[in-house]
Amino acid sequence: MKLPFAESWKIKMVEPIHISTRQEREQWLAEAHYNVFQLKAEQVYIDLITDSGTGAMSDRQWAALMTGDESYAGADSFFRLKDVITRLTGFEYVIPTHQGRAAENVLFSYLVHEGDIIPGNSHFDTTKGHIEGRKAIALDCTIDEARDTQLEIPFKGNVSPEKLEKAMQEYADRVPFIIVTITNNTAGGQPVSLQNLREVRAIADRYGKPVLFDSARFAENAYFIKTRESGYADRSIKEITREMFGLADGMTMSAKKDGLVNMGGFIATRREDWYEGAKGYCVQFEGYLTYGGMNGRDMDALAVGLDENTEFDNLYTRIHQVAYLAQKLDEYGIPYQRPAGGHAIFVDAPKVLTHVPQEEFPAQTLTMELYLEAGIRGCEIGYLLADRDPVTRENRFNGLDLLRLAIPRRVYTDNHINVIAAALKNVYDRRESITHGVRIVWEAPLMRHFTVKLERCNS
Ligand code: F0G
C-alpha cells in the first residue's frame, strides 16, 4: 500500500485555543464594528487573517536566537544573515529592515518620485501605498486570466508581456523600475513562471530598466516552478531560487512569510547604486546598516528560516495543506480562485453571496458570516481593501472581491482544516438567506480596511 502523505515535522510545543459561542461572537463582532481586524485574538478560534508573522519557528530557529549578536555595528548575526541571502539569491548588498513595507519605504525613498510609473503584477497594498503616497502610479499589468477565478492555469500570477510592453512604449521615460511580486498575493497566491520572469527581464533590458522582485513568498513560487513548469522537476528549490533572482536587480522581502520568522525584512540587490542610494534612508527610518530594525537574534533566526524554507519537504508540507483545503471546498462546490495558491485559499464571494449587492461588500459579509459560524477569522481582499479611486473618490468595484483564508506556516493541523471547510460549507448551505451586507460608517482615506467601521444594512 502506498503510504499516505504526512508532515515533514513533529510538534514540540503547543498553545491552547478555545471555541466560543455564537452569541459571544455576535456581541464581539458588533463591538468590533463588523471589522475582524478589530477583534481580539482571544475571540478567535482559528486565525486565518494572515500567513504573515504567524508561523511556527523550528527548534533550529529557536536555538539560533541564543547565538544572536546584539552589537550595534557589524554584528556577527548580520553577516550570517547576509551570507545566507547572498548564497540563495546572488545579491551582494543586503539592508535589513523591520518588515517588508519598511524595505519598500527605504528603497522607494531613493527610487520613486512624483509622476513615476511603476508597472508590475498586482502590487501588494503596502507597495501600492508607498508608490501612491509618493504621487506615483502603480500600473497593474497582470494577465487578464487572473481575473477569472474558475480558470485553471498553472501560472496565474504572471505579468502580461503585452501589457508591460505597451506600458513601456508609452511611459518608459517615467519608469524607474519594473516590480514583479512572487507569488502574486493579490491575485490569489498565484505563482509567476520562470519563463515569464525571463520575458519581463527581456523587456526591461530592451528599455534599459531594472527589475525588482517583491519576494515575500519567493520560496512558494520556486515550489510551483519545480512542480508545474516543464524542465524543473529535477532541480532543487535552492537552484530554482538562484535562477529566479538571477533575473532581477534586487528584492524587497517581508521575512514574515517565507523567512519563517514573526518579524523582519530586508532589501537585497546586486546594484551598488541602489545600495548607496537607499542606505541613508535605512539609517534615517530603520536603524544602522547592520541591523536596520532587527535584533541580532532575529537575524539569526531568519538566516535559519530562509535556509529551511528553501528545502522541498517544508514547502511540500505547507502547500499540500493549502491544497487539502481546496480539495474539501471542491467536494462542497464552493468557488475559489483556482488553482489553489501557495499561502491561502481565496473564496469568490460574489459567486457565493449572489444576493448581496457589490455596494454592500459581499466578501466582507462572507468574512463576517464565517466568523459568526465558527470563530474562524479570514480577511477581505476585495472592494473594501481596494480603497477609493484617488481622483474620483468612488469605490473601486472593478477587481475581485475575495475572502482570503491565509494558512499560517506549521501552525494548524489538517483537523483544523476540516473545521474550516465544514464551517464554510454551513455558510454556503444557507447562502440564499443572506441578502444584506454592510455599509461604511467611518473610513480612513488610505488602507481603510484595517480600521473601517461598518454596520449591517438590515439593521
Ligand atoms: N509584499 C507582499 C506580497 C505582501 O504580501 C506583504 C504583506 C508585503 C509586501 C508587506 O510586508 O507585512 O512585512 O510589511 N502581506 C501581509 C498579508 C500583510 O497579510 O498578505 P510586511
Side-chain angles (χ1 to χ4, degrees), residues 36-37 41 47-55 95-108 112 118 120-133 138 140 142 146 156-157 159 179-192 212-222 224 244 248 250-268 282 285-286 292-294 298 302 305-306 322 337 341-346 363 367 377-382 384-386 400 402-409 411 446-447 449-451:
V36 294
F37 281 98
D47 204 350
L48 309 181
I49 199 165
T50 182
D51 64 319
S52 178
T54 53
I95 299 178
T97 60
H98 79 273
Q99 61 183 94
R101 67 201 67 186
E104 292 164 1
N105 188 33
V106 168
L107 186 62
F108 293 4
V112 180
I118 292 120
N121 56 340
S122 326
H123 312 64
F124 182 66
D125 47 347
T126 60
T127 319
K128 189 150 89 192
H130 276 124
I131 292 171
E132 292 180 351
D140 188 1
T142 308
K156 227 173 173 178
V159 179
I179 187 164
V180 188
T181 304
I182 52 173
T183 58
N184 185 330
N185 180 1
T186 315
Q190 299 292 330
V192 178
L212 177 73
F213 288 173
D214 174 350
S215 314
R217 299 178 184 85
F218 75 92
E220 290 168 8
N221 202 80
F224 285 120
M244 288 185 328
M251 65 191 285
T252 49
M253 177 72 186
S254 168
K256 302 169 70 170
K257 287 88 170 169
D258 275 350
L260 298 180
V261 290
N262 302 114
M263 191 55 71
F266 58 86
I267 300 162
C282 177
F285 296 137
E286 292 289 294
M294 291 184 78
D298 291 341
L302 173 56
L306 286 169
V322 178
Q337 170 71 303
H343 68 295
I345 295 295
F346 292 65
T367 305
R377 175 162 71 167
C379 91
E380 192 251 28
I381 302 269
L384 271 179
L385 179 131
L400 295 172
L402 306 165
L403 158 60
R404 185 181 76 169
L405 305 171
I407 312 295
R409 294 167 182 78
V411 170
L446 260 187
M447 298 199 188
H449 60 293
F450 292 122
T451 52

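All residue numbers refer to positions in the sequence shown, counting from 1. The shown structure was predicted, so the numbers you read here are calculated from the model rather than taken from an experiment. Ligands are counted one by one from 1 in listed order, and the atoms in each one are counted from 1 as well.
When heavy-atom distances to ligand 1 are checked against 4.0 Å, the residues falling inside are Thr50, Ser52, Gln99, Gly100, Arg101, Glu104, Phe124, Thr126, Thr181, Asn185, Asp214, Ala216, Arg217, Ser254, Lys256, Lys257, Arg404, ordered by chain and number.
Put simply, the side chain of Gln99 never gets that close to the backbone of Arg101: no donor and acceptor are under 3.5 Å apart.
When the side-chain contact (heavy atoms from CB on, under 4.5 Å) test is applied to Thr54, the partners found at least two apart in sequence or on another chain are Thr50, Pro408. Contacts of Phe266 classified as ring pair (Phe, Tyr, Trp, His ring centres under 6.0 Å), with partners at least two apart in sequence or in another chain: none. For the ring pair (Phe, Tyr, Trp, His ring centres under 6.0 Å) test, no residue two or more places apart in sequence or in another chain qualifies with Phe224.
Ion pairing between Lys257 and Asp51 fails under the 4.0 Å rule for side-chain N and carboxylate O.
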Derivation and outcome, side chain to side chain donor-acceptor pair (under 3.5 Å), residues Glu104 and Thr252: CA-CA 6 Å; Glu104 292 164 1; Thr252 49; 5.0 Å; no
